[in-house]
Amino acid sequence: MGAWAIAVHGGAGVDPNLPKERQDEAKRLLTRCLDIGISALRSNVPAIDVVELVVRELETDPLFNSGRGSALTEKGTVEMEASIMDGPKRRCGAVSGLTTVKNPISLARLVMEKSPHSYLTTPGGEEFAKKQGVEMVDNDYFITEDNVGMLKLAKEANSILFDYRIPTVGTCGAAVDSHLQMNGLPISVYAPETVGCVVVDKEGRCAAGTSTGGLMNKMSGRIGDSPIIGAGTYACELCGVSCTGEGEAIIRSTLARDVAAVMEYKGLNLHEAVDYVIKNRLNEGKAGLIAVSKNGEVACGFNTTGMFRGCATEGGFMEVGVW
């Protein structure tokens, strides 16, 4: 029997001027999710079940950019994506383009377990959801007043707006002059808030899951790293990884898989592997990740100003942080 560990994230790229009350609200949510996961792990719930349980909680709360509270497309709608991976046999499931599925992470797991495929997108994903009897809601359920306001500001600034949680015109104004780019195009202050969870249970089984609404004011049909196995999510017999940040950079670097790869091929431990990929695989991209190993280790890394994150181990260590 080994030792369990868990980590959660609510996105990398936190605005340095984020109000303290917003930081405290995020920390409370992350703490609640850790408590849910810890309780399940103490009851010997398998890692894959804990990942789904925790990500569902994050999707249901509108604070971060997943499920209810997802970022809006340029059309003012929500298109969500998620993926989940079970390390022991490297089984995985992913979904994207969802507009009416209440908890995308659970549909991703059903794709893994109840379909012959690994990845479904709209309209097939929604049709599969109905056949599986998952809870469906109107698209309006996911849209919050804050995000409607942020989409308006993003359109006024003619920008894909990352920092959509701080509703000030100044933020958007700064975005126009930003030197940060994505695929060569200027973008605004960087603060996407994808959610994710990684777990290793007492049996040494690793699992990972990631869920997001994507970018504010994104083109309809845009798919980021979150549903892409090996980019935003990866789990194997060695570790479980969930990424957050500039999706295009994470995709180019296959960031989550690279953590496992350098552990396997270079013999690095978890902390060394996380540090290596953050420093050497992102080039000019901005991102972060959380990870656990089969040995009960937990690690996080990011090259942004901050990352909403929390972690806990069976040994009694627990930490929730932003910067």
Please tell me if the side chains of [X] and [Y] come closer than 4.5 Å, counting only heavy atoms from C-beta onward.
X      : Y      : result
Val274 : Leu289 : yes
Val14  : Trp323 : yes
Val8   : Val195 : no

Taking [X] for the side chain and [Y] for the main chain, is one N or O donor matched with an acceptor at less than 3.5 Å?
X      : Y      : value
Asn147 : Ser70  : yes
Thr31  : Lys27  : yes
Thr100 : Met136 : no
Lys102 : Thr60  : no
Asn295 : Glu297 : no
Gln132 : Leu107 : no
Ser43  : Val45  : no
Asn303 : Gly285 : yes
Glu59  : Ile105 : yes
Arg257 : Gly232 : no

> Hey, which of Ser226, Ser83, Ser66, Ser242 is the one that makes side-chain hydrogen bond (donor to acceptor under 3.5 Å, both in side chains) with Thr210?
Replying inline: Ser242

Which pair of non-hydrogen atoms, one from [X] and one from [Y], has the smallest distance, and what is that distance?
X      : Y      : result
Ala71  : Val78  : O-CG2, 4.0 Å
Val200 : Ala3   : CG1-O, 4.1 Å
Ile223 : Ser96  : CD1-OG, 3.6 Å
Cys239 : Leu270 : CB-CD1, 4.2 Å
Ala235 : Cys206 : CB-O, 4.1 Å
Met80  : Gly67  : SD-CA, 3.7 Å

According to a 4.5 Å side-chain heavy-atom criterion applied to Ile, Leu, Val, Met, Phe, Trp and Tyr, with indirect links allowed, do [X] and [Y] form part of one hydrophobic cluster?
X      : Y      : value
Val55  : Leu63  : yes
Leu53  : Leu41  : no
Tyr119 : Val101 : no
Tyr276 : Leu282 : yes
Ile228 : Leu98  : no

Once you round to the nearest 0.5 Å, how far does [atom1] of [X] lie from [atom2] of [Y]?
X      : Y      : atom1 : atom2 : answer
Asn44  : Asp201 : CG    : CG    : 8.5 Å
Cys92  : Met112 : SG    : CE    : 8.5 Å
Asn139 : Leu72  : CG    : CG    : 8.5 Å
Leu238 : Asn269 : CG    : CG    : 12.0 Å
Cys243 : Ile250 : SG    : CD1   : 5.0 Å
Glu264 : Glu237 : CD    : CD    : 6.5 Å

> Please walk me through it: do Asp61 and Arg32 pass side chain to side chain contact (heavy atoms under 4.5 Å, CB included)?
Replying inline: CA-CA 11 Å; Asp61 193 296; Arg32 186 171 83 235; 3.2 Å; yes

Salt bridge check, [Y] against [X]: does any charged N sit closer than 4.0 Å to a carboxylate O?
X      : Y      : answer
Glu248 : Arg222 : yes
Glu314 : Arg42  : no
Asp258 : Lys266 : no

>> If you apply the rule side chain to side chain contact (heavy atoms under 4.5 Å, CB included), what do you find for Ile290 with Met307, and how did you get there?
In response: CA-CA 10 Å; Ile290 54 174; Met307 179 171 73; 4.1 Å; yes

>> Let's go through Ser220 and Thr77 carefully: what are the C-alpha distance in whole Å and the side-chain angles of both, what is the deciding distance for side chain to side chain contact (heavy atoms under 4.5 Å, CB included) to 0.1 Å, and is it a yes or a no?
In response: CA-CA 9 Å; Ser220 181; Thr77 59; 5.7 Å; no

> So with a 6.0 Å cut-off around CZ of Arg56, is the heavy-atom count from everything else above 12?
Replying inline: no

> Does one side chain, of Glu79 or Thr73, offer a donor that lies under 3.5 Å from an acceptor on the other?
Replying inline: no

>> Apply side chain to side chain contact (heavy atoms under 4.5 Å, CB included) to residues Val137 and Arg68 and explain how you reach the verdict.
In response: CA-CA 10 Å; Val137 292; Arg68 189 162 187 262; over 6 Å; no

